[in-house]
There are 4 protein chains.
Amino acid sequence: MLARVSTNPAFKRLPRAVREQQMLDAAVKVFSRRGYHAASMDEIAEDAGISKPMVYAYLGPKEDLFVACLHRECTRMIEAIAGAAAPDLPPDERLWRGLRAFFGFVGAHRDGWSVLYRQTRGEPPFAGQLATMRARMVEVIAGMLDDALRAQGREVRETDLEVIAYALVGASESLADWLADNPTADPEKTATRMMNVAWLGAGQLIEGAVWRPADG
Amino acid sequence: MLARVSTNPAFKRLPRAVREQQMLDAAVKVFSRRGYHAASMDEIAEDAGISKPMVYAYLGPKEDLFVACLHRECTRMIEAIAGAAAPDLPPDERLWRGLRAFFGFVGAHRDGWSVLYRQTRGEPPFAGQLATMRARMVEVIAGMLDDALRAQGREVRETDLEVIAYALVGASESLADWLADNPTADPEKTATRMMNVAWLGAGQLIEGAVWRPADG
Amino acid sequence: MLARVSTNPAFKRLPRAVREQQMLDAAVKVFSRRGYHAASMDEIAEDAGISKPMVYAYLGPKEDLFVACLHRECTRMIEAIAGAAAPDLPPDERLWRGLRAFFGFVGAHRDGWSVLYRQTRGEPPFAGQLATMRARMVEVIAGMLDDALRAQGREVRETDLEVIAYALVGASESLADWLADNPTADPEKTATRMMNVAWLGAGQLIEGAVWRPADG
Amino acid sequence: MLARVSTNPAFKRLPRAVREQQMLDAAVKVFSRRGYHAASMDEIAEDAGISKPMVYAYLGPKEDLFVACLHRECTRMIEAIAGAAAPDLPPDERLWRGLRAFFGFVGAHRDGWSVLYRQTRGEPPFAGQLATMRARMVEVIAGMLDDALRAQGREVRETDLEVIAYALVGASESLADWLADNPTADPEKTATRMMNVAWLGAGQLIEGAVWRPADG
DNA sequence: TATGAATGAGCATTCATTCAT
DNA sequence: TATGAATGAATGCTCATTCAT
């Protein structure tokens, strides 16, 4: 029934916004390490250097906490990509820059990627959220392809475009996953490889074609 | 006089192998629905129509049970693909048959696919297993590409091939995932689309190129 | 993760029905002592000489457990009263026997009475249940009074009867409460007193009237 | 220059006594709605429009707060009744006025009644307090009866009187309870009914006797 | 005075796992 | 073989209470 607060002088009473970020950092880390279910609120709180009730006070129960992680990481990623792939570039350049930003993000936020991608997919309560996010990505890419087609005066059934975009997203995710597991790998190079597959296709690659970044 | 264990005609003392398959069926179903952690041994036992101690007696603790599921589904899938993509076919035909078999399998075993792909990826204790399996797939595909290259008297660094193969596998997984979530979708058509992206690449698709199965 | 079952040879694996009664006994005792909220499932389990999961397995969560207690005690009480107050007796005799059975029950099951009456009334989730039970009692008593009236060729508005019955029930509850708190008090005597107030009223009592049981 | 604590006109630095009443109001409301244990200090503070530490500063920990509620409501009720039932009236008139005041109070302070009666009874830590208060009421009523007896030159054992008084109090509580649950019911009428049962008893009521207030 | 920030401690509930029959 | 009975060990969540500002 007693509650004795630490008298450690190094202890700081931080404003809410700061503590929330600390908590999210810890949560992303722990969720990524253990998976959603195996992650315990105890470990997250401890890792954040704060007591459990504060986590609940600020970010709510476990599910909400996970969703908050998702949102933060997702926003960061989308911003990184959207900031790089300006809409007025030619399609291949746009795709290239987007991919570079994407792999750059994954390389720099491996934990975030794990939470976003691996954990979310397997947990029924959140799978829907992920599907929605991915659908947005797919739409953007499909739109990109569509623009390119129209510029050539051609057209393709929307479903086809969507499925193609799905495949591209999937391939990128897979490489990102590989990147997250290989800390020594170079994001830039991974992006280049992805661009080759995506743009040229296995057929042309076999024929010896190569795509190279204009600036590298 | 004979000793009768039970006179209830509904009661069946099934041979071990059959019982094990029933349990695995139930386990795959429940794991797929709930995810590894959220799945309870109680539900699995009940779904298998058997008591919990029997599950333990036959397949061991939860982890072992999950691994057993993984193995069974994985074996089935690899057999399906390997049986279709005969090594003496030309590379595009081989790829095409492999993809067709793959999507056919996913369409027919959605639960198995979910366990294999979604659940396993998010659960740290098993992620390694999945990585190993996928590495085998990647190796096969990379080998396929390598064969094609050598046939043309050309060569590519192994790492590059591997990454390309990774991308192809990832794209397939992504479409498979989409297929698993869209019960009305046609596996055959999905395979065709995948083949187009994989073989021709986005660049050529934009130019209007199309790949079509020889037999359809 | 280990679960080692006691090897104490005095330990007995009891059939479900027995264990359930033990649990209910313990629960009634603890609820009565502590009140619904302050009672912990731990204490109940320990008092029942069994582990918590068994309580949950057999009787469900705390709320259900409490309701089960209510039901058992209520049934016992109603049976005791109904068995005593045969409908073919004259009204005063019937009332008298009912009261005697009631106070007898309370004297013999003080814990049960506390759960039934004190705890239930204060806890919003269960107050409704108690109200329903009491309404049944009231109805019975009102019916008894009504019979007596009709036998005299007279009639009273139903609401009035109901309120009178309410008052009688309340007075009995209050005395029961007093009885439960005074372990040395005699249930029989308490019943007699209650009968005096109920039947004669304060006015006549002041005038010196006395009601006495025919058989005592 | 004057030091201004706040320029916000909505902000009011209220005198301590007022603040305390606000808090008690909130506490009574919340305790009545939720019950002692289920009521949270958070909700009480919020309902009082003040921060939690203030509640502690003014009224101490939860137990003290509840006791304060009890005291206030109890005092109010006793004052209402004592003010109405002047000791120089004839016994029936005195009883009648007391009952009228009592039911009037309950009708006007349903929350207070609930705290006083329902919550307190179920919570072991406070049950004693309630018993004491009720004992005072009982004593008063018993005294009233005793006066009436002596006026007739008669006498009854004290215990008997006490038990009778207990029954009357209990009956009143029960009707009060009913009244608190039926917001449309008329306190005056309820008092009349109670008076009938109390004064005449079931026996006479069956015979057709009726008691009516002199002034109504 | 007044409050946001903080916590120790407890509690209901569930689950994988095993024993005795 | 087959299962009902049983439990240790967590884990999510809440609450009364207090400190630092």
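The figures that follow rest on heavy atoms only: side chains count, while hydrogens, waters and symmetry mates do not. Residue numbers start from 1 in every chain, and the chains themselves are labelled A, B, ... in the order their sequence lines are given, proteins ahead of strands.
Between Phe66(A) and Phe31(A), the ring planes lie perpendicular to each other; the angle is over 60°, past the 30° to 60° tilted range.
Lys62(A) forms a cation-pi arrangement with Tyr36(A), by the criterion of a distance under 6.0 Å to the ring centre and an angle within 45° of the ring axis.
Within a 6.0 Å sphere centred on CD of Glu46(D), heavy atoms belonging to other residues, nucleotides or ligands number 12 at most.
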(message) What does the 5'-to-3' dot-bracket notation of DNA chain E look like when only Watson-Crick and G-U wobble pairs under 3.5 Å count, and pairs to other strands show as |?
(response) .||||||||||||||||||||

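Taken residue by residue, residues 23-40 of chain D places heavy atoms nearer than 4.0 Å to DNA chain F at Ala39(D), Ser40(D). A heavy atom closer than 4.0 Å to some atom of DNA chain E occurs in Pro61(C), Lys62(C), these being the qualifying members of residues 57-72 of chain C. Within residues 44-55 of chain B, the residues approaching DNA chain E are Lys52(B), Pro53(B), by heavy-atom distance under 4.0 Å.
If you check the side chains of His71(A) and Gln129(A), you find no donor sitting under 3.5 Å from an acceptor.
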(message) Evaluate Glu43(D) against Arg34(D) for salt bridge (charged side-chain N to carboxylate O under 4.0 Å, His left out), listing each step before the verdict.
(response) CA-CA 10 Å; Glu43(D) 187 176 358; Arg34(D) 312 264 187 221; 2.9 Å; yes

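Note that NZ of Lys52(C) is 14.5 Å distant from CE of Met54(C), once rounded to the nearest 0.5 Å. We find the CG-CE distance between Leu65(B) and Met41(B) to be 5.0 Å, quoted to the nearest 0.5 Å. For the atom pair CG (Leu130(D)) and CG (Leu70(D)), the distance works out to 7.5 Å, reported to the nearest 0.5 Å. Ile50(C) CD1 to Ile44(C) CD1: the interatomic distance, rounded to the nearest 0.5 Å, is 13.5 Å. The NZ atom of Lys29(A) sits 13.0 Å away from the SG atom of Cys69(A) when rounded to the nearest 0.5 Å. Note that CG of Leu116(B) and CZ of Arg72(B) are 11.5 Å apart. Values are rounded to the nearest 0.5 Å.
Residue Arg19(B) has no polar side-chain atom (N or O) positioned under 4.0 Å from OP1 or OP2 of dT1(F). Taking side-chain N and O atoms only, Arg16(C) has no distance below 4.0 Å to OP1 or OP2 of dA6(F).
Partners of Tyr56(B) according to the ring-ring contact (aromatic ring centres under 6.0 Å, His included) rule, which considers only residues two or more places apart in sequence or in another chain, do not exist here. In this structure, Glu63(C) has no side chain to side chain donor-acceptor pair (under 3.5 Å) partners at least two apart in sequence or on a different chain.
Judged by closest nucleotide on DNA chain E, Ala17(A) is the one of Asp42(C) and Ala17(A) placed further toward the 5' end.
Here the side chains of Gln119(C) and Ser32(C) are not in contact, with every heavy-atom distance at 4.5 Å or above.
As rounded to whole Å, 5 Å separates atom C1' of dA5(E) from atom CZ of Arg13(A). Per the geometry, CE belonging to Met41(B) stands 18 Å off P belonging to dT14(E), to the nearest Å. Nucleotide dG4(F) holds its C1' atom 13 Å from the CD atom of Glu20(C), rounded to whole Å. The CD-C1' distance, from Glu43(C) to dA12(E), rounds to 15 Å in whole Å. Gln22(C) has its CD atom 13 Å from the C1' atom of dA6(F), to the nearest Å. Per the geometry, OH belonging to Tyr56(A) stands 18 Å off P belonging to dG10(E), to the nearest Å.
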